[in-house]
Amino acid sequence: MKLIIHDLDKIEFERLLPDLPDSCRVVSNDGTIKNCIGCFGCWVKTPGACVIRDHYGDMGEWLAKSDEVIIISKCYYGGYSPFVKNVLDRSISYIHPYFETRNNEMHHKKRYNHTFETSVWFYGDDITDDEKATANKLVIANSINMISSIKGIQFVKSVEEIDGGIL
Amino acid sequence: MKPIKVSLISGSPKPLSSSSGTLLDELKPMLSSRFHVNIHSLNKPSVPEESMESILDSDILIFSFPLYVDGIPSHLLSCLYEMEIYLKRHARPDLTVYAIVNCGFFEGHQALPAIELVKNWCYKVGVSWGQGLGVGGGGMIQSLSGVPDGQGPKKNFSIALNELANHINTCSEGENIFVSPNFPRIGYKIGAEMGWRYQIKNNGLNKKDIGRRLV
Ligand SMILES: Cc1cc2nc3c(=O)[nH]c(=O)nc-3n(C[C@H](O)[C@H](O)[C@H](O)COP(=O)(O)O)c2cc1C
């Protein structure tokens with residue numbers, strides 16, 4: 001499955017990807033997402049699932065079913081938009097609370113015997129070089145922590161520039 | 001002389017008992033007595049109306065927040081965006097911003113991308129960047145609040161907070177600082193994992209449920 005996490009409005013998204021195959025799951029902003037409250041319930045209460053049961057509580061499971069994750073986000077200060085970041089904050093049930101050392105740093109172990117590829121599209125008409133440098137570091141750090149490989153990190157000025165072939 | 005207004009902002013979604021809050025409690029007594037200090041908690045995705053003016057009317061802002069997925073927790077990011085909008089109408093070029101980012105992993109340097117995000121925010125909204133401090137071993141910070149400053153596992157934290165406070169007190173810019181606890185990494189890992197098992201059992205589950213797979 002391909003998982004698309006994006007912050008576009010409905011019209012923009014349909015213009016970008018008019019013929020979405022059934023093998024894609026799309027995580028869009030329906031205006032109801034709750035923020036992570038830092039309770040770690042997704043590790044110690046309902047392991048693998050977020051305790052907040054809005055439409056975004058099963059991200060861990062969805063990531064475990066995905067072989068590619070495509071993120072389309074407006075660039076905020078060299079990172080994701082609040083909605084996309086909210087979805088990612090609600091995704092830590094994908095990994096295991098236990099630690100292991102990788103590259104001589106502490107990271108979490110895998111919960112699933114599974115990996116996925118990540119492509120990130122940052123859009124915005126005034127993304128600075130500093131912001132791009134931060135965004136690169138951020139996506140690399142995410143890929144180490146989520147045990148995923150990076151397929152691409154792209155910066156575009158507008159959504160129209162996003163290659164229709166992203167799938 | 002006009003008092004210098006300083007806002008300490010905890011950005012943990014946990015309004016009570018957070019490591020972010022503890023770090024601010026530790027920093028506060030190190031700040032100059034000339035400062036008039038206000039404390040705020042931004043634990044929801046919006047800045048309360050009454051706080052916006054008070055926060056952005058400060059001379060110095062000190063954000064203390066947990067590292068979430070290598071970045072800023074989304075609720076705080078929403079607040080920063082609201083502040084960006086506010087600052088477009090009320091420019092504050094004389095405001096200086098410092099950031100303390102604590103993270104669950106042992107190595108404070110894992111907070112670098114989050115510190116850079118705050119620095120980039122500063123450029124974007126037209127305020128000055130001061131300094132960032134990345135604190136590793138966030139899971140043990142609250143348990144250290146009873147330990148005397150500069151002692152045992154707290155040694156590095158105290159040195160780093162003092163260095164940050166020196167820059168804040170002179171409102172000057174400094175290189176980022178990254179610290180880990182004076183405590184073996186393996187000990188921190190064992191302690192944290194015991195903590196997860198303790199919590200899962202307290203929730204009526206079995207310790208093997210910790211690795212539950214839904215797929
Ligand atoms: C959703 C979520 C994401 C997190 N991501 C990271 C991370 O990427 N790196 C890290 O070292 N710790 C991470 N942590 C751990 C927190 O940074 C750590 O528990 C921190 O001490 C919490 O601080 P607080 O008590 O001030 O909220 C994460 C925690 C949560 C709940």
Side-chain angles (χ1 to χ4, degrees), chain A residues 33 35-41 43-49 58 60-61 64-65 76-93 96-101 104-109 111-114 126 128 130-131 133-135 137-142 144-146, chain B residues 12-14 18 43-45 66 68-81 84 104-107 109-110 112-125 136-137 180 185-186 188-189 192-193 195-205 209-215:
Chain A
I33 192 165
N35 64 277
C36 169
I37 52 169
C39 70
F40 291 121
W43 285 346
V44 298
K45 243 184 182 163
T46 54
D58 295 320
E61 191 182 325
K65 287 180 178 158
Y76 277 67
Y77 325 122
Y80 308 106
S81 63
F83 171 73
V84 168
K85 186 60 176 38
N86 203 342
V87 173
L88 298 179
D89 288 352
R90 298 277 304 280
S91 298
I92 63 164
S93 64
H96 194 291
Y98 284 3
F99 299 109
E100 63 187 15
T101 306
N104 198 26
E105 283 175 354
M106 198 178 212
H107 297 285
H108 286 289
K109 285 190 174 161
R111 178 182 298 278
Y112 297 97
N113 190 12
H114 169 264
D126 54 356
T128 64
D130 282 344
E131 288 174 343
T134 302
K137 285 182 202 158
L138 176 68
V139 175
I140 291 170
N142 289 164
I144 296 170
N145 280 319
M146 300 302 267
Chain B
S12 173
K14 297 179 282 181
S18 67
N43 52 56
K44 302 243 158 54
Y68 270 22
V69 195
D70 304 299
I72 300 173
S74 71
H75 74 279
L76 182 62
L77 185 59
S78 298
C79 293
L80 288 171
Y81 181 63
E84 178 188 335
F105 294 141
F106 191 77
E107 304 84 16
H109 68 248
Q110 295 206 37
L112 175 65
I115 289 174
E116 287 191 8
L117 286 165
V118 181
K119 188 174 177 183
N120 295 339
W121 176 83
C122 289
Y123 285 123
K124 176 110 193 191
V125 305
S180 299
R185 182 161 70 183
I186 183 76
Y188 179 72
K189 170 179 158 26
E193 293 183 357
W196 300 127
R197 286 193 292 277
Y198 174 81
Q199 290 185 57
I200 206 151
K201 283 188 203 151
N202 252 357
N203 289 326
L205 300 174
D209 290 320
I210 215 156
R212 186 184 286 167
R213 291 181 178 166
L214 305 179
V215 176

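Since this is a predicted model, take the numbers as computed values, not measurements. What's counted below: heavy atoms across the whole structure, side chains too, no hydrogens, waters or symmetry copies. Throughout, a chain's letter reflects where its sequence line sits, starting with A, and its residues are numbered from 1.
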* Asked: Is the count of non-hydrogen atoms from other residues, nucleotides or ligands lying under 6.0 Å from B:Lys124 atom NZ greater than 12?
  -> yes
* Those residues that, when tested against A:Phe40, pass ring-ring contact (aromatic ring centres under 6.0 Å, His included) (two or more places apart) -> A:Trp43, B:Trp196
* Results of side-chain hydrogen bond (donor to acceptor under 3.5 Å, both in side chains) for A:Thr134 - residues two or more places apart only -> B:Glu116, B:Asn120
Go through [options] and name the one with the most non-hydrogen pairs under 4.5 angstrom from chain A.
options                               : result
B:Arg197, B:Lys14, B:Lys119           : B:Arg197
B:Asp209, B:Ile200, B:Val125          : B:Ile200
B:Asp70, B:Val215, B:Asn203           : B:Asp70
B:His75, B:Arg213, B:Gln199, B:His109 : B:Arg213

Best-contacting candidate, [options], against chain B by heavy atom pairs under 4.5 angstrom:
options                      : result
A:Gly48, A:Ala141, A:Ser93   : A:Ala141
A:Met146, A:Lys137, A:Lys65  : A:Lys137
A:Met106, A:Glu131, A:Arg111 : A:Met106
A:Gly38, A:Ala49, A:Gly60    : A:Gly38
A:Cys36, A:Ser91, A:Pro82    : A:Pro82

* State, yes or no, whether a side-chain contact exists between B:Tyr188 and B:Ser180 at a heavy-atom distance under 4.5 Å. => no
Chain A contact via [X] - which portion, at a heavy-atom distance below 4.5 Å:
X        : answer
B:Leu214 : both
B:Lys189 : both
B:Glu193 : both
B:Asn43  : backbone
B:Leu112 : side chain

Measure distances from [X] to the heavy atoms of chain B and classify the residue's part below 4.5 Å as side chain, backbone, both or neither.
X        : value
A:Asn145 : side chain
A:Ser81  : backbone
A:Ala135 : neither
A:Leu88  : both

* What heavy-atom pair brings A:Lys85 and B:Ile72 nearest, and what distance separates the two atoms? -> NZ-O, 3.0 Å
* **Closest non-hydrogen atom pair between A:Asn35 and A:Arg90, with its separation** => C-CD, 4.3 Å
* **Pair A:Tyr112 and A:His96, ring centroids less than 6.0 Å apart** => no
* Would you check if the distance from the ring center of A:His107 to the ring center of A:Phe99 is below 6.0 Å? => no
* Would you say the side-chain atoms of A:Tyr77 and B:Glu84 include a donor-acceptor pair closer than 3.5 Å? -> yes
* To do: Look at the side chain of A:Asp89 and the backbone N and O of B:Ser74, then say whether any donor-acceptor pair between them is shorter than 3.5 Å.
  => yes
* Applying the side-chain contact (heavy atoms from CB on, under 4.5 Å) test to A:Tyr80, which of A:Val87, A:Asn86, A:Val139 qualifies? -> A:Val139
